[in-house]
2 protein chains.
Amino acid sequence: MRNISKEDYLSAIYKNIDSNSKVKANVIAEKMDVSNAAVTDMLKKLAKESLIIYEPYKTIKLTPTGESYAKNIVRRHRIWELFLHQIVGLPWDKVHDEAENLEHSGSDELINRMEVMLNFPEFDPHGDPIPAIDGSIPKQRDSVSLSKLKEKECGLVVRVNDFSQNFLVYLAQIGIELKQKIEVKEIRSFDNSMLVLIAGNEFNISKTLADNVFVEIVKN
Amino acid sequence: MRNISKEDYLSAIYKNIDSNSKVKANVIAEKMDVSNAAVTDMLKKLAKESLIIYEPYKTIKLTPTGESYAKNIVRRHRIWELFLHQIVGLPWDKVHDEAENLEHSGSDELINRMEVMLNFPEFDPHGDPIPAIDGSIPKQRDSVSLSKLKEKECGLVVRVNDFSQNFLVYLAQIGIELKQKIEVKEIRSFDNSMLVLIAGNEFNISKTLADNVFVEIVKN
DNA sequence: CTTTTATTTTAAGTTAACTTAACTTTGTGA
DNA sequence: TCACAAAGTTAAGTTAACTTAAAATAAAAG
Ligand SMILES: [Mn+2]
Ligand SMILES: [Mn+2]
Ligand SMILES: [Mn+2]
Ligand SMILES: [Mn+2]
């Protein structure tokens with residue numbers, strides 16, 4: 001049977017690898033909300049199974065086996081998210097929590113079947129790429145944080161961080177969704193909040209909000 | 001978070017209550033493939049939570065709370081089964097194993113939403129009743145085991161035991177599905193096998209097979 | 001460099017869910 | 001009715017996944 005705990009650790013490791021494909025144990029402890037000691041414990045187990053490369057006091061690296069294992073879990077998670085969104089009609093702010101459990105259930109056969117139903121999708125409801133069955137990752141469009149745009153610039157929403165359910169609910173409320181066009185009208189330099197135009201309506205958004213929305217810059 | 005083990009015990013207890021609403025610990029151990037000692041252990045925990053009534057060496061009974069808890073799990077299981085069958089298109093022999101894991105995931109909200117998508121279904125793909133959200137159980141049509149029919153009698157399939165995947169695959173192969181009409185042409189008394197007519201084709205079926213198919217007797 | 005702080009590991013202990021082995025209770029059938 | 005098999009419990013031990021507290025190491029800062 002699937003080992004939920006190990007799967008969650010591996011996927012947390014995968015999602016937190018830095019530019020040097022390394023992860024600090026520290027970060028994992030925080031993301032998983034467990035003690036550092038628990039992480040050390042698990043790292044030893046994962047290393048014993050050759051899923052990670054681990055030496056005391058060093059940063060963690062995934063082995064090729066570990067990486068493909070991790071990618072498979074991320075794949076399951078994101079396919080579930082998209083399935084729940086598109087087929088079941090769950091709003092994008094609810095899919096992450098459901099998928100967090102569902103990712104550990106469902107045979108590969110079921111996951112693949114859902115992938116077919118969804119017509120081999122490349123991105124989940126938040127714009128994150130869905131690893132294919134062969135481990136390849138769809139290329140994402142070049143994007144920058146909305147907070148990087150200058151006045152008068154325009155962007156198409158490519159991805160949003162699903163870092164808080166409340167955040168996603170609010171985005172939906174003001175009309176921010178994938179592919180939506182956003183124009184920056186004004187930037188207030190004292191707090192970096194922005195006045196933006198979304199589908200004909202103006203909204204004032206905080207720096208924090210803008211930081212977590214990623215857009216592809218477009219003309220006009 | 002949901003407690004998978006406890007949920008599986010409760011649902012096993014529920015599904016094995018006899019005519020006196022009692023269960024033997026023994027039976028649970030077998031169904032769950034664990035030792036009797038493990039069952040005793042769990043029974044104490046469930047009793048401490050007032051989910052069952054338990055006294056050493058006596059048979060088990062569900063409390064009202066325990067019963068509604070158990071029914072909820074059965075409900076989840078069967079809604080998942082039907083969802084996988086109708087929406088995802090999984091064959092009826094595959095849905096049980098998937099649902100066995102999925103039944104522990106998915107918020108109540110998700111389960112209810114699937115129920116709506118399925119238009120408040122009353123029976124799962126094997127003809128077992130799906131408890132409603134209020135705990136009520138759809139009434140099943142009067143049925144008898146196919147093996148009870150006499151020569152020349154006819155029945156409509158109302159329910160099948162999903163006791164083996166292989167069994168379900170074979171049923172599908174010979175055209176036995178819910179609502180299918182079956183006519184008994186001949187019975188061989190030496191082994192109680194039957195020659196039956198299903199959608200224009202004749203098949204010889206064993207007593208064991210007939211034992212696990214339940215039909216509503218009809219004229220003609 | 002050396003001190004301080006942050007990170008990581010080790011040690012010891014807990015809890016849930018199991019196991020096997022030994023013992024107790026119950027129910028059956030000669 | 002009593003002997004014995006079946007069912008159930010207890011005892012002792014294991015494993016996975018955690019905890020806190022203390023010790024070790026690494027990184028940062030003066
Ligand atoms: Mn998870
Ligand atoms: Mn997502
Ligand atoms: Mn289950
Ligand atoms: Mn079923």
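Note on naming: letters A, B, ... go to the chains in the order of the sequence lines (proteins, then strands), and numbering restarts at 1 for each one.
Rounding to whole angstrom units, NZ of residue A:Lys24 and C1' of C:dT8 are separated by 11 Å. When the P atom of D:dA16 is taken as reference, atom NZ of A:Lys44 falls 14 Å away, rounded to whole Å. The interatomic distance linking B:Ile28 (CD1) with C:dA17 (C1') rounds to 16 Å, in whole Å. Between the CD1 atom of B:Ile60 and the C1' atom of C:dT26 there is a distance of 16 Å, given to the nearest Å. We find that CD1 of A:Ile52 is positioned 13 Å from P of C:dT8, with the value rounded to whole Å. The distance between atom CG of A:Asp8 and atom C1' of D:dA16, rounded to the nearest whole Å, is 15 Å. Nucleotide D:dA17 holds its C1' atom 10 Å from the CE atom of A:Met32, rounded to whole Å. Straight-line distance from the CD atom of A:Glu7 to the C1' atom of D:dA16: 15 Å, rounded to whole Å.
Residue B:Thr40 places its side chain closer to D:dG8 than to any other of D:dG8, C:dC18, C:dT8. In the set D:dC18, C:dA17, D:dT10, the nucleotide with an atom closest to the side chain of B:Asn3 is C:dA17. Of the listed nucleotides (C:dT20, D:dT25, C:dA17), C:dT20 has the atom at the smallest distance from the side chain of B:Ser35. Closest to the side chain of B:Asn26, from the set D:dT20, D:dA17, D:dG8, is D:dG8. Of the candidate nucleotides D:dA17, D:dA26, D:dA21, D:dA17 has the atom nearest to the side chain of A:Asp41. Candidate nucleotides D:dT9, C:dC18, D:dT19 were compared by shortest atom distance to the side chain of B:Tyr9, and C:dC18 ranks first. Checked against D:dA26, C:dT20, C:dT25, the side chain of A:Tyr57 finds its nearest nucleotide in D:dA26.
Distance alone, capped at 3.5 Å, is enough to place a donor-acceptor pair between the A:Thr63 side chain and the A:Leu51 backbone. Put simply, the side chain of B:Glu103 never gets that close to the backbone of B:Arg76: no donor and acceptor are under 3.5 Å apart. Here the side chain of B:Arg113 pairs a donor or acceptor atom with the backbone of A:Gly89 at under 3.5 angstrom.
Using a 4.0 Å heavy-atom cutoff across all strands shown, B:Ala29 reaches no nucleic acid atom at all. Within the nucleic acid shown, A:Ala38 comes within 4.0 Å of at least one base atom, counting heavy atoms only. If you check every strand for non-hydrogen atoms under 4.0 Å, B:Lys58 touches nothing.
Side-chain contact check for B:Asn166 and B:Ser164: no donor-acceptor pair (N or O, by modelled atom type) lies under 3.5 Å.
Checking the phosphate oxygens (OP1, OP2) of D:dT20, no side-chain nitrogen or oxygen of A:Asn36 falls inside 4.0 Å. Remark: A:Ser5 is in phosphate contact with D:dC18, judged by side-chain N or O atoms under 4.0 Å from OP1 or OP2.
Between B:Lys45 and B:Glu49 there is no salt bridge, since no side-chain nitrogen of the basic residue lies less than 4.0 Å from a carboxylate oxygen of the acidic one.
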